[in-house]
Amino acid sequence: MAAESFRACWIEKDGASLQMELKQVPFEELATGEEYVRVKVDYSGVNYKDGMAICGIYGVVETLPLITGIDFAGTVDETKAGFKKGDRVIMTGYEMGQKFHGGHAEYASVKAAWLVPLPEGLSPIDAMTIGTAGFTAALCIKALEDSGFDKSKPILVTGADGGVGSVAVYLLAQKGATEIVPALSTDSKALDEQRWGGAIDVVGGPTIPTICSQMAYGCTLATCGVAGGPAIKTTVYPFIIRGVKLYGVDSVFASTEDRKLAWSDLAKVPPEVWREMRKEVALDDLQEVATQILAGKIRGRVVVNLALKGPQLAKAEVEQEDVEALKQQCLSLRKSLTATSK
Ligand SMILES: NC(=O)c1ccc[n+]([C@@H]2O[C@H](COP(=O)([O-])OP(=O)(O)OC[C@H]3O[C@@H](n4cnc5c(N)ncnc54)[C@H](OP(=O)(O)O)[C@@H]3O)[C@@H](O)[C@H]2O)c1
């Protein structure tokens with residue numbers, strides 16, 4: 001008899017807070033309709049947004065109850081909407097794991113139009129080692145290529161040891177960038193020495209003014225993150241005197257064409273690079289991984305292997321106060337964003 005339910009990381013409201021539970025979820029929970037395809041999830045990623053959702057931080061969760069997980073790689077489970085049973089696919093973004101059920105589950109159902117076929121040469125586990133972070137790095141590099149950068153000059157990457165930054169550094173070197181500089185000082189003049197032939201920034205507010213003031217004529221800064229905060233205080237001079245371009249990169253609603261290009265670039269990277277970067281865990285480890293991500297204790301990428309049973313990860317010493325402090329920061333950021341958008 002066919003199974004009636006599947007295992008998933010489920011969060012729901014418990015009074016004023018969010019509660020996470022690993023449980024069997026009936027298949028009826030999954031979206032149906034002509035444009036939806038059911039996928040057996042092979043691997044999913046664990047991202048900062050997932051950490052927030054699993055630890056009960058409201059910031060990213062838009063609908064409840066919800067299966068978490070903003071990205072996955074899997075195998076199509078039915079022949080429908082342009083896909084055949086057995087096709088390998090990648091899913092990232094489109095607010096999965098925020099507004100509708102995500103990839104921390106044995107099965108998911110998503111719109112066929114959101115799926116990218118797994119490119120030749122890329123394994124599902126490598127695809128999720130790259131995940132949303134590496135995909136975003138590839139989009140940043142495409143932004144530099146589309147908008148103008150000079151790879152004979154040094155290229156700046158901030159947060160170079162993080163998920164986005166580390167993949168960006170690797171891909172830039174593949175593209176022939178001669179010098180990739182991961183460090184940055186935050187004090188600068190409105191127009192400083194023209195140092196960077198291109199830049200990728202994940203830090204946001206604290207670093208963007210300095211980078212803009214140091215960009216070479218006509219070159220591009222691709223910005224995708226807020227790791228250091230959102231507010232920017234700068235002048236227009238780099239833009240109107242040096243033709244500097246500030247290019248915003250969003251992975252969630254990136255076009256299908258950009259997705260395919262980015263993933264085919266990522267598929268050219270030797271698999272050893274990704275193997276060294278990842279830690280493989282089971283669904284049972286999600287609470288621990290989420291807590292460690294929020295406490296800044298994770299280096300590299302964590303990939304959930306849906307075939308693994310039982311916890312795989314040793315517990316780390318995490319100060320619960322660190323996670324509580326982060327919850328408070330997220331709540332006040334959310335309040336200020338809500339106030340701004342009114
Ligand atoms: N636009 C999009 O579609 C998109 C997609 C994915 C990610 N993002 C965003 O991109 C950012 C980075 O994501 P990630 O996955 O790379 O995160 P990550 O793996 O946690 O890495 C963050 C990096 O930023 C550095 N950092 C953090 N705070 C900093 C500060 N105040 N000043 C300087 N460096 C700082 C960290 O350095 P330490 O290790 O020294 O702390 C680390 O190298 C996040 O804001 C994320 O939300 C955006």
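Every number for a ligand or one of its atoms is a count from 1 in the order of the listing.
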Can D265 and K260 be counted as an ion pair, charged N to O under 4.0 angstrom?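 A salt bridge is absent here (no side-chain N lies under 4.0 Å from a carboxylate O).
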E29: what forms a salt bridge (Lys or Arg N to Asp or Glu O under 4.0 Å) with it, not counting sequence neighbours?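 By the salt bridge (Lys or Arg N to Asp or Glu O under 4.0 Å) rule, E29 matches no residue at all.
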Report the residues that fulfil salt bridge (Lys or Arg N to Asp or Glu O under 4.0 Å) with K309, sequence neighbours left out, ordered by chain and then residue number.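 So K309 forms a salt bridge (Lys or Arg N to Asp or Glu O under 4.0 Å) with E106.
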Pairs meeting criterion ring-ring contact (aromatic ring centres under 6.0 Å, His included) with involvement of residues 190-224, two or more places apart: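 Non-adjacent pairs meeting ring-ring contact (aromatic ring centres under 6.0 Å, His included): zero.
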Could you pull out the N/O contacts under 3.5 angstrom between ligand 1 and the surrounding protein atoms?
from     : atom 1 : to   : atom 2 : distance (Å)
ligand 1 : 1 (N)  : C224 : O      : 2.9
ligand 1 : 1 (N)  : V249 : O      : 3.0
ligand 1 : 3 (O)  : S251 : N      : 2.8
ligand 1 : 3 (O)  : S251 : OG     : 2.7
ligand 1 : 16 (O) : G163 : N      : 3.1
ligand 1 : 16 (O) : V164 : N      : 2.8
ligand 1 : 19 (O) : G163 : N      : 2.8
ligand 1 : 28 (N) : A227 : O      : 3.4
ligand 1 : 39 (O) : R299 : NH2    : 2.7
ligand 1 : 43 (O) : G159 : O      : 3.4
ligand 1 : 43 (O) : D161 : OD1    : 2.3
ligand 1 : 43 (O) : G162 : N      : 3.4
ligand 1 : 45 (O) : V226 : N      : 2.9
ligand 1 : 45 (O) : A227 : N      : 3.3

Parallel, tilted or perpendicular: which describes the rings of W10 and H101, with under 30° parallel and over 60° perpendicular?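 Ring orientation, 0 to 90° scale: tilted.
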Are R38 and Y107 in a cation-pi setup, meaning NZ or CZ lies under 6.0 angstrom from the ring centre and within 45 degrees of the ring axis?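 Yes; both conditions hold, so R38 lies above the ring face of Y107.
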